[in-house]
Amino acid sequence: ENVELINYKCHDIRQQVAAIRNAGAGTVPEEMLAKVEESVMIYDAYVKTGNEVLDTILTEKNLWCEKQGITMACIVDGKCFDFMDTVDLYAIFGNALTNAIESVSKIEDADKRMISVMAFERMNVLFIQFENYYESELICHGELPETTKVQDGTHGYGLKSIRYSAERYDGCMTVETEDNIFTLRISIPLM
């Protein structure tokens with residue numbers, strides 16, 4: 001309820017800034033108006049899925065995306081994740097989105113700086129999908145791509161961690177690359 005109230009107030013502030021911008025014609029410095037708009041932008045980034053843990057993860061990543069000029073689209077039914085341990089939610093969504101953000105942030109074309117996240121249940125199966133553009137060459141060893149980060153012993157575990165979390169629930173993970181689109185899919189049976 002508090003978040004909804006804040007969203008209403010932020011909407012009103014954006015409308016007032018627009019009115020000042022249109023009516024004031026230079027009486028208020030543009031930099032000041034831009035700062036007010038930026039300060040209320042945080043509430044536009046709030047993601048509401050029906051699962052508090054997922055809301056936190058997705059909102060944090062969405063804020064990071066906005067700062068980097070990346071569009072993140074989410075269609076996630078958070079209620080489907082009530083059975084899952086918080087650690088696994090962070091492992092799956094945190095790692096997948098960190099990897100996607102790192103990949104997309106290297107792309108100069110603003111139209112390709114996009115990440116898509118979908119999660120829903122169909123016929124007693126939980127489907128999770130992450131998609132993003134990529135431009136760097138991907139080298140696969142087995143079914144997983146090799147890390148593109150400098151090898152210092154601490155990288156290359158994100159996808160393995162996601163797969164491990166999916167398998168804890170008798171699920172599976174697949175990776176597909178086609179036409180410079182990286183797709184990570186996870187399927188978990190719901191019994």
Problem - R163 side chain vs G158 backbone, donor-acceptor pair below 3.5 Å - result: no
Handout entry: Path from M114 to L97 over hydrophobic side-chain contacts below 4.5 Å
Key = no
Problem - Check: D77 and T49 side chains under 4.5 Å, non-hydrogen atoms - result: no
Exercise for the section: Answer whether the closest heavy-atom distance between the side chains of K61 and T98 falls below 4.5 Å. Expected result: yes
Handout entry: Rounded distance (nearest 0.5 Å) linking atom CD1 of I57 with atom CD of E52
Key = 12.0 Å
Problem - Aromatic ring pairing F120/F127, orientation class (parallel under 30°, perpendicular over 60°, tilted between) - result: tilted
Exercise for the section: Before accepting this row, confirm whether a basic side-chain N of the pair K106/E135 lies closer than 4.0 Å to the acidic partner's carboxylate O. Expected result: no
Practice task
With the side chain counted from C-beta on, respond yes when V125 and I188 share a heavy-atom pair under 4.5 Å apart, and no when they do not.
Solution key: no
Practice task
Would you kindly confirm whether F83 and L54 end up in one hydrophobic cluster when ILVMFWY residues are joined by side chain heavy atoms under 4.5 Å apart?
Solution key: yes
Handout entry: Single-linkage hydrophobic cluster I92~V175, side-chain heavy atoms < 4.5 angstrom
Key = yes
Problem - Residue I181 excluded, over 12 heavy atoms near CD1 under 6.0 Å - result: yes
Problem - Donor + acceptor pair across side chains of K48, T59 (<3.5 Å) - result: no
Exercise for the section: Any chance you could measure Q129, atom CD, to T174, atom OG1, to the nearest 0.5 Å? Expected result: 8.5 Å
Exercise for the section: Measure from the side-chain N and O atoms of R113 to the backbone N and O of I107, and report whether any donor-acceptor pair falls under 3.5 Å. Expected result: yes
Practice task
Determine, using ring centers only, whether F130 and F182 are less than 6.0 Å apart.
Solution key: no
Handout entry: S103 side-chain N/O to A100 backbone N/O, donor-acceptor pair under 3.5 Å
Key = no
Handout entry: Side chain to side chain, V76 and V117, heavy atoms closer than 4.5 Å
Key = yes
Exercise for the section: Indicate whether any N or O donor in one side chain lies under 3.5 Å from an N or O acceptor in the other, for D88 and Y169. Expected result: yes
Exercise for the section: Report yes if some heavy atom in the side chain of I115 is under 4.5 Å from a heavy atom in the side chain of C65; otherwise report no. Expected result: yes
Practice task
Using atom types as modelled and distance alone, determine if a side-chain donor or acceptor of N95 lies under 3.5 Å from a backbone N or O of A91.
Solution key: yes
Problem - Between NZ on residue K112 and CD1 on residue I70, distance to nearest 0.5 Å - result: 15.0 Å
Problem - Minimum heavy-atom distance between D111 and Y133, given as atom pair plus value - result: O-CE1, 4.4 Å
Handout entry: D55 versus G50, closest heavy-atom pair with distance
Key = OD1-N, 3.8 Å
Fill in the blank from the handout: CG (L184) and CD1 (I128) are apart, to the nearest 0.5 Å, by 8.5 Å
Handout entry: Rounded distance [0.5 Å steps], OG1 in T56 versus CG in N51
Key = 8.5 Å
Handout entry: Worked check of side-chain contact (heavy atoms from CB on, under 4.5 Å) between S187 and L126
Key = CA-CA 6 Å; S187 302; L126 174 59; over 6 Å; no
Handout entry: Cluster link L89 to W64, ILVMFWY, side chain under 4.5 Å
Key = yes
Exercise for the section: Return yes if some donor-acceptor pair links the side-chain N/O of E167 with the main-chain N/O of D170 below 3.5 Å, else return no. Expected result: no
Problem - Greater than 12 external heavy atoms within 6.0 Å of E176's CD - result: yes
Handout entry: S116 OG to M72 CE distance, which is reported to the nearest 0.5 Å
Key = 10.0 Å
Practice task
State plainly whether one hydrophobic cluster holds both Y90 and F81, where clusters connect Ile, Leu, Val, Met, Phe, Trp and Tyr through side-chain heavy atoms under 4.5 angstrom apart.
Solution key: yes
